[in-house]
Structures are given as structure tokens and as C-alpha cells.
Amino acid sequence: MEIIGARLYQYNLPLAWPLPLKGTKLNARQGLVLELKVNDDGFGVGYLYGEAAPLPDFSSESLDEARQQLGALMSSLLGQQVDPESFNSQEWCGQPVYPSVAFALESAISLPAILADDPETELPVAPLLTGSTADMLQCIDDWSSCWPAAFKLKVARGELKSDIYRTRQLLDALPETVCLKLDANRRWSVEQAVKFVDHIDPARIAYIEEPVNNASGSFIASQQAFYKATKMPFAWDETLQNPEFEFAPQSGLAALVIKPTLVGGIRRCESLVNAGRDAGVHCVVSSSFESVLGVNTLSALARVWTPREAAGLDTLNAFKHHLFDDSVALWQRLPDHVLQQMELL
Ligand SMILES: [Mg+2]
């Protein structure tokens with residue numbers, strides 16, 4: 001497949017409510033949409049899209065840095081042949097590529113291969129419980145469809161006592177067959193995390209994502225101390241975003257939460273999925289508040305890589321409106337009214 005043209009657009013989409021991040025609240029989401037015009041031996045001339053949307057507070061790179069690097073890489077790709085099955089942005093570039101940029105480039109170029117493998121089956125879900133405790137209990141009370149295997153709940157955002165109380169209330173309200181997947185975003189000390197687990201029925205917790213901070217020297221050391229004390233299964237999310245991270249099986253490691261915008265491109269994520277699968281560790285493909293364009297690609301990746309796993313992709317309701325509502329067929333150019341919503345860079 002030859003790259004015969006490339007354009008970069010920037011979107012600015014208002015959010016439905018201010019989104020709390022680590023230090024800021026986001027009122028609008030900005031990101032970049034890469035448009036590649038390609039000539040494929042089988043399909044002729046067509047268009048492919050990828051999204052680079054660094055998430056403030058979470059991504060290592062800023063939007064400006066992503067834009068500059070993506071611009072340079074786009075120029076280097078013009079007139080070149082690339083393989084949708086194996087294109088690797090790091091290898092192409094010969095130096096580190098920002099995770100969001102790697103995701104944009106590799107998902108655009110790999111899209112024909114990804115969609116060719118897409119079984120288009122429905123993914124299981126693990127709905128996120130949000131709002132006040134009363135909102136969460138109401139959501140459980142109103143639940144009318146089939147119960148999922150697990151709901152997801154953020155913890156460690158306030159006092160430990162209220163986390164324990166809320167978690168117990170929710171577990172009491174849920175059918176006994178339903179578990180919680182907790183996410184502490186590295187906010188607890190080992191002592192706090194151990195105390196939390198002491199007050200919760202461990203059989204109802206599938207795992208806790210990144211339970212502990214690195215006060216004991218390193219995240220891995222804290223994690224090991226936590227697991228030794230509790231035997232509570234845990235999952236990695238932020239840990240995978242360290243570019244130096246290399247997968248090795250570990251006692252208690254139940255899942256890898258893989259966010260391609262934050263972890264890097266398709267190739268790196270694919271290697272994590274394969275390593276996790278070989279070690280019997282669950283892999284959960286998750287979004288980072290990308291637009292519908294990025295989330296569509298992530299959904300296809302989740303169906304291809306982890307079809308029986310509940311993916312973490314329910315972030316689109318954070319947007320006031322979407323770039324587009326109808327899906328756009330492979331090789332087709334995005335309609336004019338979609339492109340006109342964005343700034344051509
Ligand atoms: Mg997480």
C-alpha cells in the first residue's frame with residue numbers, strides 16, 4: 001500500500017460535563033485526526049484515518065508535541081510503501097514515537113488488516129458506576145437488562161471509610177453473582193489498600209486496578225507488598241504506560257488494562273495482549289476519551305484481540321456531540337460536514 005497524500009485535522013469537542021482529571025477539569029476534548037490517502041493494490045485509491053488525542057494529566061506528550069511529531073512523520077511517509085499487517089511507527093521513525101502518535105499512525109495504516117479480522121460480534125461490558133453513591137444505587141435499582149459479570153468502580157478518591165462503606169453498599173445491592181472491578185489509580189498507600197481489603201468480601205472483587213502508590217520506593221515493590229498482605233488480585237494500567245515496561249508474569253496479576261492512546265501503537269499493545277494471553281492474564285482494551293473515530297478503532301481491536309473480555313470503552317457519553325454518528329466505511333473519505341467541523345492544519 002502506497003501513501004499518496006496526508007492531511008492533519010484538529011478537533012475541539014465540547015464535553016457533556018466538566019471531566020475531572022488528576023489536576024484539572026476538562027471542558028472540551030481536543031485531538032488530531034490523521035487522514036491518509038493511499039493506493040492499495042487490491043482496493044485502489046482510498047482514505048484511512050487515525051486519531052492522536054493526548055489526554056492532559058495522563059499522556060506524556062502535549063497536543064502541540066503530538067502535532068509536530070505527527071507532521072514530520074506524515075511527510076516522511078509520503079510516496080512510501082507500507083504494510084498494513086506489520087507497520088511499526090517506532091521502527092519507521094528510528095526513535096521513540098509518542099504513544100498517541102504511534103496509535104494514530106499505526107491504527108490508520110493497520111485499519112484494513114484490523115477490519116478484515118473484525119468478527120463484528122458484540123463485546124461483553126463492565127459498566128462504570130458514576131456519580132454519588134445514591135446515583136450508583138439508583139442505577140443498580142433501575143437495572144433492567146441482563147446483569148454483567150462485573151461493574152467498574154473508581155475508589156481512593158476520598159476518605160477510606162467512605163470507600164469501604166460505598167463499596168459494601170453497592171455489593172449488597174448487586175446480585176451475589178455480580179462482582180466489582182475496582183480502580184484506585186495508585187492513590188492508596190499499602191496500609192490503606194490493605195485496610196480497605198480487610199473490610200470487603202474478596203470473593204466479590206474481580207481485581208483492583210493499580211491499588212497502591214510508590215511510597216515504598218517503587219510501584220512494583222508496593223504492589224508486591226500489597227499482594228503479599230491481602231492475596232487480592234490486581235491489574236495494571238498506569239504501569240503499562242511506562243515505555244520501559246516489559247511484561248513478566250507475577251503472582252496476583254489478574255489483568256492488563258491496555259489503553260493504546262497512552263501505551264503506544266497497535267504493535268506494542270498487540271505484543272502486550274499476546275504476552276498477557278500466554279500467561280493466562282486477562283487483557284482489557286480501554287479508551288482514553290478519544291472521539292468516536294478513535295473509539296470505533298478501539299472497539300474493532302477489542303473484538304479482534306479480546307472478543308470475550310469486557311472492554312473499557314464507555315467514554316463516548318462524556319461528549320456533548322460526536323464528530324459523526326453513522327459509521328464510515330473503510331477506504332471512504334469522511335463526509336465534508338465532518339471534515340468541516342475540524343481545523344485543517
Ligand atoms: Mg485505570
Side-chain angles (χ1 to χ4, degrees), residues 19-26 29 53-60 99-100 103 123-131 136 148-158 163 166-167 170 179-190 192-193 196-197 200 205-214 218-220 222-223 226-227 232-243 245 247 250 252-264 268-269 272-273 276 281-290 294-295 298-299 301-302 305-306 309-318:
L19 182 68
L21 300 177
K22 282 178 195 162
T24 47
K25 275 193 178 172
L26 215 57
R29 184 75 169 109
L55 185 61
D57 281 358
F58 287 86
S59 288
S60 55
S100 64
F103 176 56
L123 287 166
V125 290
L128 180 65
L129 291 164
T130 55
M136 296 178 192
F151 282 82
K152 196 175 161 183
L153 174 69
K154 291 276 185 183
V155 288
R157 292 187 159 187
D163 269 325
R166 178 182 309 119
T167 307
L170 295 170
C179 289
L180 287 175
K181 291 178 174 177
L182 305 177
D183 187 358
N185 291 104
R186 296 181 156 180
R187 289 174 192 233
W188 279 329
S189 66
V190 174
Q192 287 172 314
F196 175 85
V197 173
I200 301 294
I205 307 298
Y207 54 73
I208 307 183
E209 225 172 286
E210 301 274 354
V212 285
N213 61 30
N214 63 350
S218 82
F219 288 108
I220 303 268
S222 299
Q223 190 48 65
F226 166 75
Y227 183 68
M232 168 63 70
F234 61 92
W236 275 331
D237 173 357
E238 284 87 342
T239 296
L240 307 180
Q241 295 163 30
N242 176 352
F245 173 83
F247 179 84
Q250 207 184 332
L253 178 61
L256 305 179
V257 178
I258 300 171
K259 296 173 173 159
T261 287
L262 302 179
V263 170
R268 168 135 173 91
C269 293
L272 285 173
V273 169
V281 172
H282 294 276
C283 292
V284 179
V285 176
S286 287
S287 52
S288 314
F289 296 96
E290 297 85 354
V295 171
L298 293 169
S299 306
L301 285 172
W305 287 342
T306 56
E309 207 73 66
L313 299 172
D314 50 352
T315 46
L316 283 174
N317 57 4

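In each ligand, atom 1 is the first atom listed, and ligand 1 is the first ligand listed.
Of all protein N/O/S atoms, those lying under 2.8 Å from the Mg ion (ligand 1) come to 3.
In this structure a side-chain-to-backbone donor-acceptor pair under 3.5 Å is present from Ser189 to Gln192. Thr306 contributes no side-chain N or O that, together with a main-chain N or O of Val284, makes up a donor-acceptor pair within less than 3.5 Å. Panel note: side chain Gln241, backbone Leu262; no donor-acceptor pair is recorded below 3.5 Å. Of the possible donor and acceptor atoms, none in the side chain of Ser287 sits under 3.5 Å from a partner among the backbone N and O of Lys259. Here the side chain of Arg29 pairs no donor or acceptor atom with the backbone of Ala318 at under 3.5 angstrom.
Annotation: the span from Lys152 atom NZ to Glu209 atom CD amounts to 4.0 Å, rounded to 0.5 Å.
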